[in-house]
Asker: 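Let me give you the structure first, and then I'll get to my questions.
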Amino acid sequence: MKKWSKRTQAVHGGIRRSQFGEVSEAIFLTQGFVYGSAEAAEARFVEAGPDEFIYARYGNPTTAMFEARIATLEGAEDGFATASGMAAVSGALMASLRAGDHVVSSRALFGSCLYVLEEVLTRFGVRVTFVDGTDLAQWEAAITPQTRVVFFESVSNPTLQVIDIAAVSRLAHAAGALVMVDNVFATPVYSRALEQGADVVIYSTTKHVDGQGRALGGVILGTKAFIRKTVEPYMKHTGGAMSPFTAWLMLKGLETMELRVRAQTAGAEALARALVADGRFARVIYPGLEGHPQHALAMAQMGAGGTVLAVDLGSREAAFAMLNRLRIWTISNNLGDAKSIATHPATTTHQRLPLDQKAALGITPGLVRLSVGLEDPEDLLSDLLG
Ligand SMILES: *Cc1c(COP(=O)(O)O)cnc(C)c1O
């Protein structure tokens, strides 16, 4: 499997067929599994073999196929599928940390990630230091021998700052810390996070993996030891498992993910360039544009700018006026979807942040996040320009 390209792995990786030889992956909608004898049940609870399952909260054949496929794609030894992206983020953190541990995180985070780090972990005696993720000197100053985990979004939501995975990983590893990357915006298509130094890669599979707005999901990817010894015991007892039906949707999503993500990225880049040329928006933020502050890093790290851009219309009134006259773009808060989605972060996904923090992160009143879907980029452009 290892030698096949990502595109092939996304279609065939992890497949296990039942005795019926079905072409499409089977959905095992079962909460549990039958044992042939009392002795067999006992043996399975001691150690389950690769084709042996106990209870769907621990694992399920369809979910296991999805875990194997996305782990192979990412180049990870193993993965654990979760009920949502946030179940993956909170699960990976809670499974790895205990009272007294220290975490260093970039401040530019998805609102719910910020909540988990700022409000939840600190309640259990974990110290959290936030840094400007694009400033290596701040990472270096914050990471100490007490630092157990370093956490960041490789491309931040919604302002699209790009963080240097290799450089931050070098600093973290020198202090013996584990590097966890929330890699949603990079997508599994452009990610090389593990070879660049990350220890753990996390996806909300709600985004590009499903990519069709059907289901919530997430996955934690890492070494076999980390997934099975640290993550699995926590996840299987706390109940954040992915449902088998969702795992099937995600398996099907992976089959078309590369085609979708490449087409959406081409659309995002074309739109970003056209909006800059048009000149009517105060700012156009897209890592694929030469004027983006981390453009060179984005190209070296991912080789592409991704499927999301952001524009600043100068004021909340101008942003709302544009949102309210869009006919193709939908006002919603998902991203990576086949349908193009426009979001006003300041009043929705990042509403909770105090004004000074919004300002510090560049979440201005006029900022609109644009997740580019699979429609014709020309239609998307004329809809935006009105
Ligand atoms: C959406 C998102 C999440 C949360 O994922 P859910 O599937 O909505 O729980 C976490 N991190 C980032 C960067 C996201 O974009």
Side-chain angles (χ1 to χ4, degrees), residues 66 70 79-94 105-121 130 133 149 151-163 165 180-191 193 198 200-221 235 238-243 246-247 249-250 253-254 257 261 264 268 285 287 298 302 306-310 332-337 339 341-345 348-353 361 363 367 369-373:
F66 169 66
I70 193 164
F80 196 96
T82 58
S84 68
M86 285 320 301
V89 169
S90 62
L93 288 166
M94 292 294 278
S105 169
S106 63
R107 180 161 278 290
L109 293 178
F110 178 63
S112 301
C113 293
L114 195 60
Y115 176 83
V116 169
L117 286 154
E118 214 170 24
E119 309 282 338
V120 181
L121 292 182
F130 290 102
V149 167
F151 182 87
F152 58 93
E153 290 172 12
S154 57
V155 180
S156 73
N157 179 8
T159 49
L160 307 169
Q161 292 183 346
V162 184
I163 294 180
I165 297 173
M180 289 187 189
V181 178
D182 179 337
N183 218 21
V184 165
F185 281 60
T187 83
V189 174
Y190 300 124
S191 170
V200 180
V201 176
I202 298 166
Y203 290 105
S204 161
T205 65
T206 315
K207 312 295 167 55
H208 304 83
V209 175
D210 174 41
Q212 290 152 87
R214 301 172 295 193
L216 290 177
V219 69
I220 306 167
L221 299 160
M235 292 306 303
T238 56
M242 178 180 276
S243 91
T246 296
L249 289 174
M250 297 301 171
L254 283 179
M257 177 179 64
V261 166
Q264 289 170 244
I285 307 168
M302 305 183 291
T307 65
V308 180
L309 64 150
S332 190
N333 40 273
N334 192 15
L335 62 92
D337 199 272
K339 292 187 170 59
I341 292 172
T343 313
H344 188 249
T348 61
T349 52
H350 291 69
Q351 187 186 108
R352 205 179 66 83
L353 280 188
L361 293 177
I363 303 171
L367 191 78
R369 188 185 77 191
L370 298 170
S371 167
V372 179

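We use all heavy atoms of the structure for the numbers below, so side chains are in, but hydrogens, waters and symmetry mates are not. We count ligands from 1, going down the list as the structure has it; atoms in each ligand are counted the same way. Values in this document were obtained by computation on a predicted structure and should not be read as measured data. Along the sequence shown, residues carry numbers from 1.
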Asker: Would you kindly say whether Asn333 and Thr348 are connected by a side-chain donor-acceptor distance under 3.5 Å?
Answerer: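 Not at all, the side chains of Asn333 and Thr348 share no donor-acceptor pair under 3.5 Å.
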Asker: If you look at every heavy atom in Ala81 and Phe66, which pair is closest and at what distance?
Answerer: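 For Ala81 and Phe66, the tightest heavy-atom pair comes out as CB-CD2, 3.9 Å.
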Asker: List the residues meeting ring-ring contact (aromatic ring centres under 6.0 Å, His included) with His344, not counting sequence neighbours, and say none if there are none.
Answerer: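 With sequence neighbours excluded, His344 shows a ring-ring contact (aromatic ring centres under 6.0 Å, His included) to Phe320, given in chain and number order.
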Asker: Restricting to non-hydrogen atoms, name the atom on Thr159 and the atom on Ile285 that form the minimum distance, rounded to 0.1 Å.
Answerer: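 Scanning both residues completely, I find the closest heavy atoms to be O-CG2, 3.5 Å.
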Asker: Before giving the answer on side-chain contact (heavy atoms from CB on, under 4.5 Å), spell out for Phe185 and Val162 the whole-Å C-alpha distance, their side-chain angles and the decisive distance to 0.1 Å.
Answerer: CA-CA 10 Å; Phe185 281 60; Val162 184; over 6 Å; no
Asker: Please produce the table of protein N or O atoms sitting under 3.5 Å from N or O atoms belonging to ligand 1, one pair a line, distance to 0.1 Å.
Answerer:
unit_1   : atom_1 : unit_2 : atom_2 : d
ligand 1 : 5 (O)  : Ser204 : OG     : 3.0
ligand 1 : 7 (O)  : Gly85  : N      : 2.8
ligand 1 : 7 (O)  : Ser204 : OG     : 2.7
ligand 1 : 7 (O)  : Thr206 : OG1    : 2.6
ligand 1 : 9 (O)  : Gly85  : N      : 3.0
ligand 1 : 9 (O)  : Met86  : N      : 2.8
ligand 1 : 11 (N) : Asp182 : OD2    : 2.6
ligand 1 : 15 (O) : Lys207 : NZ     : 2.8

Asker: Nearest heavy-atom pair of Val184 and Lys207: which atoms, and what distance?
Answerer: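 Answer, listing the atom of Val184 first, then Lys207: CG1-CG, 3.6 Å.
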